[in-house]
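Each remark here refers to the structure printed beneath this line.
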Amino acid sequence: MATEHGSSSRAAQSVGGIRATEIMAAAGARELHDGEVVVVGLGLPWVACALARRTHAPSLTSIMEIGVINGNPVDTPVGLADSRIFHQSTCWSSFLDTLGMNLHRGLVDVGFLGALEVDRYGNINTTLLKGEEGQVTYVNGSAGGNDVASLARRVMIIMRHQKRKLPRVLAHLTSPGFVDGRDRAETGLRGDGPHRIITDMAILGFDPDTHLAKLLSAHPGVSVESIIENTGFPLLLPDQVATTPLPDEEQLRILRREIDPGGAYLNERFA
Amino acid sequence: MATEHGSSSRAAQSVGGIRATEIMAAAGARELHDGEVVVVGLGLPWVACALARRTHAPSLTSIMEIGVINGNPVDTPVGLADSRIFHQSTCWSSFLDTLGMNLHRGLVDVGFLGALEVDRYGNINTTLLKGEEGQVTYVNGSAGGNDVASLARRVMIIMRHQKRKLPRVLAHLTSPGFVDGRDRAETGLRGDGPHRIITDMAILGFDPDTHLAKLLSAHPGVSVESIIENTGFPLLLPDQVATTPLPDEEQLRILRREIDPGGAYLNERFA
Amino acid sequence: MADKVRTAAQVVGSIPDGSHIALGGFAIARNVNTVVHELIRQRKKDLTLSQCVMGMDTDLLVGAGLVSRLIVGGGSLDRFGLVNCVNRARESGGVIAIDATSLSISFAYLAGALGISFIPIKSMIGSEILARLEAGEAAERFQRMDCPFTGEPYLLLRAIQPDVALVHVQRADREGNCQIDGPRWENEEQAKAAHRVVVIAEELVATDVIRQRPERTIIPGHRVEAVIHQPFGAHPTAVYGCYDYDAAHLTEYVRHTKRSGGIEEYLERYILNSSDYDDYLHKSGGLKHLDTLKARPGLGY
Amino acid sequence: MADKVRTAAQVVGSIPDGSHIALGGFAIARNVNTVVHELIRQRKKDLTLSQCVMGMDTDLLVGAGLVSRLIVGGGSLDRFGLVNCVNRARESGGVIAIDATSLSISFAYLAGALGISFIPIKSMIGSEILARLEAGEAAERFQRMDCPFTGEPYLLLRAIQPDVALVHVQRADREGNCQIDGPRWENEEQAKAAHRVVVIAEELVATDVIRQRPERTIIPGHRVEAVIHQPFGAHPTAVYGCYDYDAAHLTEYVRHTKRSGGIEEYLERYILNSSDYDDYLHKSGGLKHLDTLKARPGLGY
């Protein structure tokens, strides 16, 4: 994280020692309602779910696409195929169950996704990057990302706020948001599409009519100007820009003492 | 069985104390090759499979549609949902696995079926009977019967040989054989259709061109005339009618001592 | 954690007349009799029932006159007899029966569970079953189609998504995580296809017990709306690992249903005059009798 | 009972060039490395591989130049890095990649397993993934269709039925009955879709052990053609309940694959000069090192 490495003044400043990752985790948790079903990967989305479960949403169900429901890791996993995330689950199943009988069935309220790039309609690229001369560098592809973006009721993107990562035109549209601004149903997709982009500078939403990305709140200490400067696409601005709430004492205690005492995610540089 | 109850001279006579059910079980077993996959219910088909496994086909796989593979009952089950058939299985699964991922997948070599009525194209009725004035009496319906008849490579029918059970016209076509004599593929069905009808009097097959039922062998002591008399539809006759082989000493020992010592199936009156 | 434990009376109170209910029983195994009795006591009307292989559960509901429509593969009480109430209602036209096959019902549930509105199948083609379906009340649920990739002819089935699925299981926790021992017939797809899932559990366990064997969780808690804890709740049908079928009771049941008027006597004696399932179990011989049905270790029946 | 235990060399000897092989690994878990090594040693050619999420298994085969075509959802070595050999081959055009999604690959395997030649899905619509698929080499595998019952737009996927599926499991008996602990990703549908199934088992058990927990049998023996018994057979990837991933080895692997020419060194050092998998394990640190990776009881890693 920027605040950890002191390499940038553009991201959320450490306010009273609160890191941008903590603001993001709390912001993610706030978007989750009790009883909802969430498809989640590792990293900050997983921290956000864990925080929500331990505070206002004890009946949240977290599903990992590999076939793990409500795991309770006691050691830090290195990835989605790490046995550490299988620990103490309530159910072990399969892609067909998690992505089929839950996500495709229309039962997933929230899907969390990361991104190499996101455009102003919330379309996501996780497949490849293009250099200045058009040369292509492949990365991970979709895996379940396109499925989640196509089918979850609300999609939440957690990513680093950089101009090149929020471009006018994606190098590749892996996972659809509002595509070219059309209604989701018109595109033939289920779910309501992208809901929030949570970055280390701000929280973005989408205009209900045009489906264009819109600034909702700036993290404490981050100026609207620097957000615009670090966004590659034109960003809708509200009349008044709110300030993202800081996590409270109890949330910070849970994040730091219970969920991620080693700082594996909260100290992390994330893409 | 007729020979048990002494109520009829039309069925196979007890030859050297061998019951018609034993001839039928041995005939069923003879049709099964080692390594094949069989979908089977209870009764004589189950006895035939068990006999094949203990003699020439030790690698036979027997599947029960409820989701039981290679069960090893130690007590006599009363039906397909009886816990006794779950005992010591190698796999417990579901309809989707047994009828879907095996039968519909095209992996089932042999399907055994019972019948209320069978016509000369091997079409089966298990749904209803019609009285002389057309009044309808419902029985069991298809369950997996139509699925097996539609999809297994070879279908084997085990039933009592009676004129009313082998009629010219079925009261209801539940499970297709050769339908009206067309090739199976023309009807849109998989598998090669009905292969044998094993009764307490004879073994019937089907003419490869016309798909009409044809007498293959008469059980010892049963005359061709009595078979014709007890068959409601016209039966093709070969130039020379073979005699169904009797089970040998070893087969009889296994049937009587190991598989069905209580005579639950071998003493049974079957429909 | 949400505590979803409810009584059968509470659950049934929330099921409207006219609902489509999927039943988890198969012939004489794991019938959802606990809820069936309560549906009869609360005199629900105009139900649609679906199931691969009907057993006593469906037969009771049809016999009690609660059912307008059946979507089924077949039915039987194994060697104890036929589903006489169902058959009589078919013969008299008292119920509309959409008669399909075990696999086609499973496929339609699977499609419902996956959230795809149709699925192809090769069964039923060339049979009178399909001819009747295509000429019948539910003709709009079936469509012929050739595979666009192979040209092979298929029947398309419309997905089934029941309003409520009822499943009897060996164990569940208070959040609804369910484990089934023995074969599972169509239970997983059926429950996951439904909009609401109600489970009846022989045993209520701590979530830690579930977490010890997560591979056995067939229906995860978030799919379950209510858990009814009812030991011997499937009596007189069998629950593998818990108890055997009650042959004497099943024989008595079929003796009643064979003759016209008999089912009314059975309902009166065992269901309508019982305050709840425990009361029914008491009338059916009580603990001493039930104890004789308990599964022997190593056998499961 | 058929004894299906074979060596990797025997199994690979029976796989022709040009085969479509489905791999059971996921990122850094349960990779089918035992067979992958042997495929490389026997220098198979022109393979098509399919998998939901590629890991080291696919990366090795592509890096060794055995692969012409990939049908995949995605790929990664989790925090150890990317599937660099695969990505380099994509960039150079050395491999035709049919890039789909985890769910669409799962659905296509499911269709293959059920014996239906097509299945509808809602994923991929509106994405460049689909635009590329419809314009690409495998365009004939995708078709748009509106549901005849609801009018909803769907994409139809052609079923996948691989020639061979390779799955690494915790235990199997000599007849091929397999049990998998932990999540099963696409393994069940993938194996049941394939024409031939080969399993690599950490542990070979008596059939009686299988019969004690029949609900855990994910792939029944009659679907399995060969069982390879290879403890630590997925190393350096993890097998839940048996051993953890080998972080040092994975780091070394990615260090090799990051730079051009590095994979050849890795192949030379660990695979081409090894006589079999035990020899590879010996070169990777041997028993003493492997012992440090063994799963701790109660944790599974």
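A note on names: the letters A, B, ... follow the listed sequences, proteins ahead of strands, and every chain is numbered from 1. Keep in mind that the numbers below use all heavy atoms, side chains included, and drop hydrogens, waters and symmetry copies.
The side-chain heavy atoms of C:R211 and A:H87, taken from C-beta on, include no pair separated by under 4.5 Å. Within the 4.5 Å cutoff, the side chain of C:L114 has heavy atoms near those of the A:L96 side chain.
Under the 3.5 Å distance criterion, the side-chain polar atoms of C:T217 are matched with a main-chain donor or acceptor of A:T90.
In this structure, CD1 on C:I210 lies 12.5 Å from OG on A:S89, to the nearest 0.5 angstrom. Atom CD1 of C:I219 and atom OG of A:S93 lie 13.0 Å apart (nearest 0.5 Å). One distance of note links CG of A:N70 with CG of C:N177; it measures 7.5 Å at 0.5 Å rounding.
Residue A:D34: no heavy atom, backbone or side chain, is found under 4.5 Å from chain C. No part of C:A159 comes within reach of chain A, as not one of its non-hydrogen atoms sits under 4.5 angstrom from that chain. When heavy atoms are compared at a cutoff of 4.5 Å, C:Q212 does not approach chain A at all. For a residue to count as touching a neighbouring chain, one of its non-hydrogen atoms must lie under 4.5 Å from one of that chain's; by this rule C:R213 does not touch chain A. Using a 4.5 Å cut-off between heavy atoms, A:I63 contacts chain C through its side chain alone, with no backbone atom that close. With a 4.5 angstrom heavy-atom cutoff, C:E175 does not touch chain A via any of its atoms.
Using a 4.5 Å cut-off between non-hydrogen atoms, the part of residues 104-114 of chain A that approaches chain C consists of A:H104, A:R105, A:L107.
Residues A:S59 and C:A2 come closest through the heavy atom pair OG-N, 3.2 Å.
By number of non-hydrogen pairs under 4.5 angstrom with chain A, the leading residue of C:A113, C:P220, C:G112 is C:A113.
With 3.5 Å as the limit, one finds a donor-acceptor pair spanning the side chains of C:H222 and A:N102.
The environment of CD in A:E249 is sparse: at most 12 heavy-atom neighbours from other residues, nucleotides or ligands sit within 6.0 Å.
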